[in-house]
Each structure stands twice: as structure tokens, then as C-alpha cells.
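Okay, so here's the structure we're looking at.
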Amino acid sequence: MSIVAKNIHKNFDDTKVLRGVNLTIHDGEVVVLVGASGSGKSTFLRCLNLLATPTSGQVLIDGVDITEPGVDLNQIRRKVGMVFQNFNLFNNLSVLENIKLGPKKLLHQKERDIDKEARRLLKMVGLSNKADSFPQNLSGGQKQRIAIARALAMRPEVILFDEPTSALDPEMIGEVLDVIRNLAKQGLTMVIVTHEMSFAREVGTRMIFLDHGKIIEDGTPEQVMDHPKTERAARFFSSIQK
Ligand code: ADP
Ligand code: MG
């Protein structure tokens, strides 16, 4: 598995949000994407699964250019999972049905196998007892763990996390980070936008710093956080440590 972003530009009207992003994500990498609010992190993630269409440039997934007309969007979204800040669960479906919905549509498996896998994933995120609950009766941390189980149910090749703990009360952040930490240990390829810097340092195999739609730092978390090459990144890290 590999994802290659080639010279991605994204404009909204005359605002240039991404200005030539080049990045290759290799199998098993945990890429932590950081940068100030408005630097283009979410837009870049969204370009990787075509929730946003790049204005120019290419995204190759396993060598296939997904920006070509006529690509099968469903297949791309199956391969490239996404977990959002605000969970995006379906409130009218039970927890179990939320997890099974995608596989029922796109994985050609027996209902029994889909159900079994959904329950296995629920157990993995520590929520076996919530199968029949509805999202409105769950805490934010529980909702996010369900959203992760739902993404995993599609057997994605990579999962993109867009600030998965930013909407959570502080006491719930840990339970979500624990789940992501375990996925990292299992070798799942991930791209994670986060402001949890100690977590980023711990799970990231690589850190990318985005500034005004361009990558200005790319290294290990230690290199980027402790010895940034740019004054801009140095300023960012010193301001968030206060
Ligand atoms: P980040 O995730 O780093 O905070 P975003 O990718 O969300 O940054 O946004 C980068 C810039 O693009 C911001 O100035 C934002 O207002 C703008 N932007 C994002 N999405 C849209 C949109 N759909 N329409 C217009 N402007 C947008
Ligand atoms: Mg964002």
C-alpha cells in the first residue's frame, strides 16, 4: 500500500489553501500532521479520499490516480477510511448498525460474517455492551471509539484521523488515544491530525508540518519538534507548550 500526493493545489474561490503538497505515505507509517489552524490540514486529508477535489495535482493510491475521471469513489473510500472530529455517526442507527452499514453496502460478505466482525471490533474498542445503544446515549469518547470501529469495519488500507480528540472532554481523550495507539502497534497505516503533542511523539513514525498550504517540515517527531529547521515551526511548538 502506498499513497502518493503529487503537487496538490486546492483553491476555494481565490483563496489558495494548498499550494503544492508532495507527500508519499508508505505502508505501516503513522504520519502525524501538525500546523496552525487554517494551514490546510483538513483540506489535505480530504483530498486524499476525494471528499475534496484537488484543483490540480494527483493522488495515487497503489499507483492508481484517483483524481482521474471515472474512478470508483466507493472503492477509494473503502480503502481510505476517515475519522472526523465530530464523529459523524448516524443518529438514527444503533451502534451495531452504524458499524455494519458500510460493509453491507460495499463488502460482499454474508450478513453473519459482517455481524461477527462488527462485534469483534466493538469488543476491540471496549464497547461490547453498547451494540444496541444509539449514539445520543453515548459519551463523546464512546462515540469516537464507535467511529473508529466503523472505519475499521471496511478493512481500510489507511485511516485518516482529523483531530479525533478535539471535540472531547479532557477525561475522554485517553480512551480514544488508547485505541489509536493499539492500531499503531498493529501496524495500521495512519495519518493523524492532532494537537496532542506527547501522543504525536509517541505514536508518530513521521511528522509533517503544514504552513499556509505547504509542507515546511518532514522528519521524525523528535527531529521536527525538538530541532525544527524553520523558525515558523519553532514558534508553533514553543507557543503550544506554554
Ligand atoms: P486546518 O484543518 O489546518 O485548520 P482547513 O483545511 O480546515 O485548515 O482550512 C484551510 C483554509 O481553507 C481556511 O482558511 C478555511 O477557511 C478554508 N476552507 C476550508 N474549507 C473551505 C470550503 N469548503 N470553502 C471555503 N474555504 C474553505
Ligand atoms: Mg482542520
Side-chain angles (χ1 to χ4, degrees), residues 3-23 25 29-59 66-67 73 76-77 80-89 140-141 143-144 147-148 151 156 158-170 172-173 176-177 180 190-201 203-204 206-219 221 224-225 228-242:
I3 301 185
V4 182
K6 277 192 183 169
N7 202 21
I8 303 291
H9 288 253
K10 177 68 178 175
N11 306 340
F12 290 108
D13 300 319
D14 41 11
T15 315
K16 295 182 176 166
V17 173
L18 298 178
R19 299 182 301 143
V21 178
N22 289 287
L23 182 66
I25 300 162
E29 275 192 313
V30 178
V31 177
V32 181
L33 179 58
V34 298
S37 175
S39 58
K41 303 179 298 296
S42 295
T43 303
F44 179 60
L45 284 193
R46 293 163 61 82
C47 283
L48 295 181
N49 70 353
L50 292 194
L51 283 178
T53 312
T55 305
S56 64
Q58 297 169 311
V59 178
I66 66 169
T67 62
L73 274 180
I76 293 161
R77 305 246 166 88
V80 184
M82 185 132 175
V83 171
F84 302 89
Q85 185 175 339
N86 291 307
F87 329 121
N88 291 12
L89 296 177
K143 283 187 210 179
Q144 195 58 299
I148 294 171
V158 53
I159 300 190
L160 314 175
F161 291 86
D162 194 356
E163 300 199 29
T165 62
S166 292
L168 301 179
D169 291 338
M172 291 171 187
I173 292 176
V176 171
L177 295 184
I180 301 174
M190 301 189 274
V191 183
I192 309 173
V193 176
T194 184
H195 299 293
E196 299 289 333
M197 298 318 297
S198 61
F199 175 72
R201 189 188 287 270
V203 302
R206 188 171 170 198
M207 180 174 279
I208 304 290
F209 190 102
L210 204 59
D211 183 49
H212 290 102
K214 280 193 174 170
I215 292 176
I216 62 166
E217 301 272 350
D218 179 356
V224 173
M225 292 171 70
K229 295 189 186 105
T230 61
E231 192 270 333
R232 175 68 194 97
R235 194 152 34 87
F236 176 85
F237 291 119
S238 75
S239 74
I240 59 172
Q241 267 144 28
K242 274 167 202 153

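Just so you know, ligand 1 is whichever comes first in the structure, and atom 1 is the first atom listed for that ligand. Just so it is clear, the model here is predicted, and its values are computed rather than measured.
Distances from atom 16 (O) of ligand 1 to the protein include no heavy-atom value under 4.0 Å.
Nearest non-hydrogen protein atom to atom 8 (O) of ligand 1 is Gly40 N, 3.2 Å. Taking atom 9 (O) of ligand 1 as the reference point, the nearest protein heavy-atom neighbour is Thr43 OG1, 3.9 Å. Protein heavy atom nearest atom 7 (O) of ligand 1, with residue, atom name and distance: Ser42 CB, 3.7 Å. The protein non-hydrogen atom at the shortest distance from atom 4 (O) of ligand 1 is Gly38 N, 2.7 Å.
The proximity of Ala52 to ligand 1, defined as any non-hydrogen pair under 4.0 Å, does not occur for either the backbone or the side chain.
To the nearest 0.5 Å, the span separating OG1 on Thr230 from CZ on Arg232 amounts to 8.0 Å.
Ligand 1 lies less than 4.0 angstrom from a heavy atom belonging to Ser37. Judged by the shortest distance from any of its heavy atoms, Ala36 lies inside the 4.0 Å radius around the atoms of ligand 1.
For a threshold of 3.5 Å applied to N or O pairs, the pair formed by Phe12 and ligand 1 contains no separation below that value. The shortest N or O to N or O distance between Val17 and ligand 1 is not below 3.5 Å.
Val59 is listed as a side-chain neighbour of Ile3, based on a closest heavy-atom distance under 4.5 Å. Side chains of His195 and Thr165 form no contact here, defined as non-hydrogen atoms less than 4.5 Å apart. Taking the side chain as every heavy atom from C-beta outward, Glu217 and Met207 never approach each other to under 4.5 Å. Side-chain atoms of Phe161 and Leu33, non-hydrogen and from C-beta on, never get closer than 4.5 Å to each other. Lys143 is not listed as a side-chain neighbour of Met172, based on a closest heavy-atom distance of 4.5 Å or more. Using a 4.5 Å heavy-atom threshold, the side chains of Arg46 and Met82 count as touching.
Checked options Val191, Val30, Asp218, Val224; the residue passing with Arg206 is Asp218 (criterion: side-chain contact (heavy atoms from CB on, under 4.5 Å)).
The aromatic rings of Phe236 and Phe209 stand perpendicular to each other, their planes meeting at an angle above 60°, with 30° marking the opposite boundary.
Of the possible polar contacts, none joining the Thr15 side chain to the Val17 backbone as a donor-acceptor pair under 3.5 Å is found.
Few gaps surround NE2 on His9; more than 12 heavy atoms of other groups in view lie less than 6.0 Å from it.
Counting only protein N, O or S atoms, 1 lie closer than 2.8 Å to the Mg ion (ligand 2).
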